[in-house]
Protein chains: 2
Amino acid sequence: MAKIDDVARLAKVSKGTVSNVFSQKRRTSKEVTERVLSVSRQLNYVPNHIARSLVTKKTMAIGLTIPHGNFFFSAFHNQFINGVVLEASYHGYRVLLDMIPTQQVKTPFLSSYPIDGAVVMSPTTDDERIRLLHMDDIPFVTVGRVMNADIENAPSVDNDNERMMHKIVRYLADKGHRSIMFLNANELMTVSIDRNEGFIRAMEERRLQVEAHMIHHKPAILSNEYMDYGYAETLNVLGGQGRGVTAIIADDDRTAFSSLNALKELGLRVPEDVALFVICGDLSMMVQSNPSLTSMDLRPSELGAQSVRLLMHKLGVLTDHFPENIVVESTIVERNSC
Amino acid sequence: MAKIDDVARLAKVSKGTVSNVFSQKRRTSKEVTERVLSVSRQLNYVPNHIARSLVTKKTMAIGLTIPHGNFFFSAFHNQFINGVVLEASYHGYRVLLDMIPTQQVKTPFLSSYPIDGAVVMSPTTDDERIRLLHMDDIPFVTVGRVMNADIENAPSVDNDNERMMHKIVRYLADKGHRSIMFLNANELMTVSIDRNEGFIRAMEERRLQVEAHMIHHKPAILSNEYMDYGYAETLNVLGGQGRGVTAIIADDDRTAFSSLNALKELGLRVPEDVALFVICGDLSMMVQSNPSLTSMDLRPSELGAQSVRLLMHKLGVLTDHFPENIVVESTIVERNSC
DNA sequence: TTGTATGCGTTATCAT
DNA sequence: ATGATAACGCATACAA
C-alpha cells in the first residue's frame, strides 16, 4: 500500500501538501492538486484511516448498541437501523454494530472503543451500556428515556409514549370498549414503563377499571415463553372465565399475530368480537394480515435518523440549534382490526 | 485520558511492560502485572485502540455489507446478522455495518477502510462491493456465489441452491402438482440465478413443462412494485385465464403473504386448491400464519456464523483446516400450506 | 523478566 | 501556497 511519502516524492511536494489535498483543510493550488491526485491514482493511494484517526482523534464511526442477548430483530429494529445507517452515511459516518452478548466474549472493553459517539437502542432501567459510555465520556443518544440513577439530561429521541397510549385508549374507548388488555413490551425497557403509566392514566381518565389481568409484559428475550408471548395471555384472559376483555393492544407484530392465533382458536372474530390494536409492526405484514391490523405507527426510520442527527450535534458536526430531547410523533393507521 | 506513559511512570515500569500486561504477548511477573493493573484501574486506563491498530495493522473489526439501496431487512437478514455479530464478537471482532447507498454520500472511499475483512451479503452479478474489496486487498467472504468476471475461487458460504430447488420440486410433484409457479428473488442476485437453474432442471427431470408465466423475479428494491411482489403475479397467473398453476414457491415471507392475500381474493383455498411453499422466512410468522406455511429453512443464523468462521480462517485467526466453500444444508419444514 | 529506541502513517504547528 | 518537523499512543525488535 502506497503511503503519503511515496505520493509526496513522486508529485514533488511535501507530505503536508498531499495531506491537504485530501483533507481539504487548507487551500492548495489547482496545479498541485491535480498533480497529487494524478500520482495518487497511479499509486492507488488513499489516506490511512487509522493513522488519521490517531492524530485527529476522530474515528468517523458511531456505535449502535442493540438490545443484549441472543437478540431478535423486529420490524421496528429493522427500520430503525435503516434510518441510522442512512443518516450516518450521509454525514460521512460509519456504523459499528454492537451488542452486549450474554455469553462472555474475548475482548469486551480491553481497549478503548473506536467510536466518536453512540446510539443506544431500547435503554433499560439502570442500563449497563449507558454506564459504560458515560464512564468513557463517549457522547451518546438514547432512543427512549434514560433512567439510570446517576445520569440526567441525557439527549434522547423518543415517541410520545404517554400521549400515544392516551390516543390508543381514546380510540378504543370511543368504539365502546371498556375492558382493554395491554400486551406491553419487556418491563425493563423504559418505553414500556412510560407506556404503562400512560395506559393506566388514560384508562383512569375514562373511568375505566384497570385490573391485574389486563397488563402483561413481554418475557425476557431468552426465555421459552418469548416466542409465544401474546398467545398464552390471550388464551388465558379471553378463554373460559369470561373477564369481559373486548380489546387487545399488542406491543409488536409478533405479539399481535400470536394473539390473533389464540383468538382464532377461541372462535373469536376480529374485529366483531375483539378489537386488536398493534403498536408499530411491519407495515407490509400489517396490511397482508387477515384482517389487516390497525396500528400505531412509531416511525422507526425517522427515530433512527433523528437520533443520528442529534448525535451529530453532540459531536459538533452539525451546529445549528437543536433540541436535546426529540419527540417523534406517532399516528394511528386505521385498518380493519378494531 | 491516561496514556501508557502515565501508567508506566506510576507503576515504576517501562511502557513496554505495560504494553505486555495488556496484550499478553509475553509473560510478565505476577508482581508487576498486578501493580500495572492496579495503577491502570486507578487512572482509568485502557490501551488506545487506534494507536494499537496503527502498529499492529489490525482493526479487529469486520465489515458487513448489506444489499444496497434503501434496503429493507427481511427475516433472513435479521437472523443472518444475528449470527454474524455473535460469532464475530466471540472472536473478539466488531462488526461495521455497511451499505452502498444509492444516493451519493460525503465520504465514499476517501480513506482506507478500517476493517480486517468483510462479509458480503447477497452478491450480485459483477458486484461493485466485491470489486472494491478485491482492489483493496481486503479478505472477504460472500454469502452466495461470486460471479464477478475477474474473480475466481472466492471463499463463500451458501445454501445448496440447486439441490434445494430439486427438493422443493420433488416435494410438490410428489403431492401431485404439475404446474408450479416460482416467485424468485431479484434476478441480479447470484442465488436467484442458481435457484432458477435448479428449478428448471428439477422440473425437466420430472418431465414438467416450465412456461414463461411460471417464473418471476422480485423487482428492484426501490421500485413501487417491490412491496407488492407476489400479489399481482398471483392474481394474474391464477386468476381468470386458468393456467392450471396449483402450487407456488415464494422467495420469502413477504412475498408469500402477498401471494396468500391474492389467493384469498381469488377465493382459492390453501392448501386445498393451491399449495404455497416459502423459502426461508421468519419462523414465528410462518407458524402464526393461517394456514401455517410449509417452508425451506435456510438457517440464516448458521450462514452468518459460518461466514464469519470462514473469514476468521482467511484472517489467520483460526488455523485449523477449513473448506473454502461452505454449504449449509437447508431442510424442509412441513406445515399446513401444501 | 524488563527496559530502550524506533517506527506505524498521518495531521498540525510553525516557518518560509 | 507550500515545506519541515514534531506530535499522536502504542507495539516490537533488540539489548540488558
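Order of the sequence lines fixes the chain letters, A, B, ..., with proteins taken first and strands second; residue numbering starts at 1 for each chain.
- Ring planes of B/F22 and B/Y45: perpendicular class, angle over 60° (limits at 30 and 60°).
- Backbone-only contact: B/T28 has heavy atoms under 4.0 Å from sugar-phosphate atoms and none from a base.
- We find that A/D6 and A/K3 are not joined by a salt bridge, their nearest charged nitrogen and carboxylate oxygen being 4.0 Å or further apart.
- As judged by a 4.0 angstrom heavy-atom cut-off over every strand, B/K12 is placed among residues touching the sugar-phosphate backbone only.
- The base of D/dG3 lies outside donor-acceptor range of the side chain of A/R9, with no N or O pair under 3.5 Å.
- Remark: C1' of D/dC8 and CD1 of B/I4 are 13 Å apart, rounded to the nearest angstrom.
- At the heavy-atom level, B/V32 lies under 4.0 Å from the strands shown only through sugar-phosphate atoms.
- Checked against D/dT2, D/dG9, D/dG3, the side chain of A/V13 finds its nearest nucleotide in D/dG3.
- Residue B/V55 places its side chain closer to C/dC8 than to any other of C/dA12, D/dT2, C/dC8.
- Look at B/K57 and you'll find a side-chain N or O under 4.0 angstrom from OP1 or OP2 of C/dG9.
- As judged by a 4.0 angstrom heavy-atom cut-off over every strand, A/K30 is placed among residues making no nucleic acid contact.
- Between the CG atom of B/L43 and the P atom of D/dG9 there is a distance of 14 Å, given to the nearest Å.
- For A/L54 and D/dA6, the CG to P distance is 17 Å, given to the nearest whole Å.
- Pairing each heavy atom of A/V146 with each of A/A154, the nearest pair is CG2-CB, 3.6 Å.
- The nearest whole Å value for the distance from the CG atom in A/N20 to the C1' atom in D/dG3 is 11 Å.
- Here the nucleotide nearest the side chain of B/R26, chosen from D/dC10, D/dC14, C/dG9, is D/dC14.
- Atom NZ in B/K58 sits roughly 14 Å away from atom P in D/dA11 (whole-Å rounding).
- Nucleotide D/dG9 holds its P atom 18 Å from the CZ atom of A/R52, rounded to whole Å.
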Might you work through the side chain to side chain donor-acceptor pair (under 3.5 Å) test for B/D320 and B/H313, ending with a clear yes or no? CA-CA 8 Å; B/D320 56 316; B/H313 281 86; 2.9 Å; yes
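- Nearest nucleotide to the side chain of A/N48, out of D/dC10, C/dT1, C/dG9: C/dG9.
- Classification of B/K58 and B/D116 as a salt-bridged pair fails, no side-chain N sitting under 4.0 Å from a carboxylate O.
- Without hydrogens or angle criteria, A/S19 side chain to A/K15 main chain gives no donor-acceptor distance under 3.5 Å.
- An OP1 or OP2 oxygen of C/dT11 is reached within less than 4.0 angstrom by no side-chain nitrogen or oxygen of A/S23.
- Looking at heavy-atom distances under 4.0 Å, B/K15 makes contact with a base.
- Taking only side-chain nitrogens and oxygens, A/T56 never comes nearer than 4.0 Å to OP1 or OP2 of C/dT10.
- Position along DNA chain C of the nearest nucleotide to A/K3 versus A/K25 favours A/K3 as the more 5'-ward residue.
- Listed candidates were D/dC10, C/dT2, C/dC8. Nearest to the side chain of B/Y45 is D/dC10.
- Here the side chain of B/S14 is nearest to one of D/dA11, C/dT4, C/dT10, namely C/dT4.
- A straight line from NE2 of B/H49 to C1' of D/dA11 spans 14 Å, rounded to a whole angstrom.
- The interatomic distance linking B/D6 (CG) with D/dC10 (C1') rounds to 13 Å, in whole Å.
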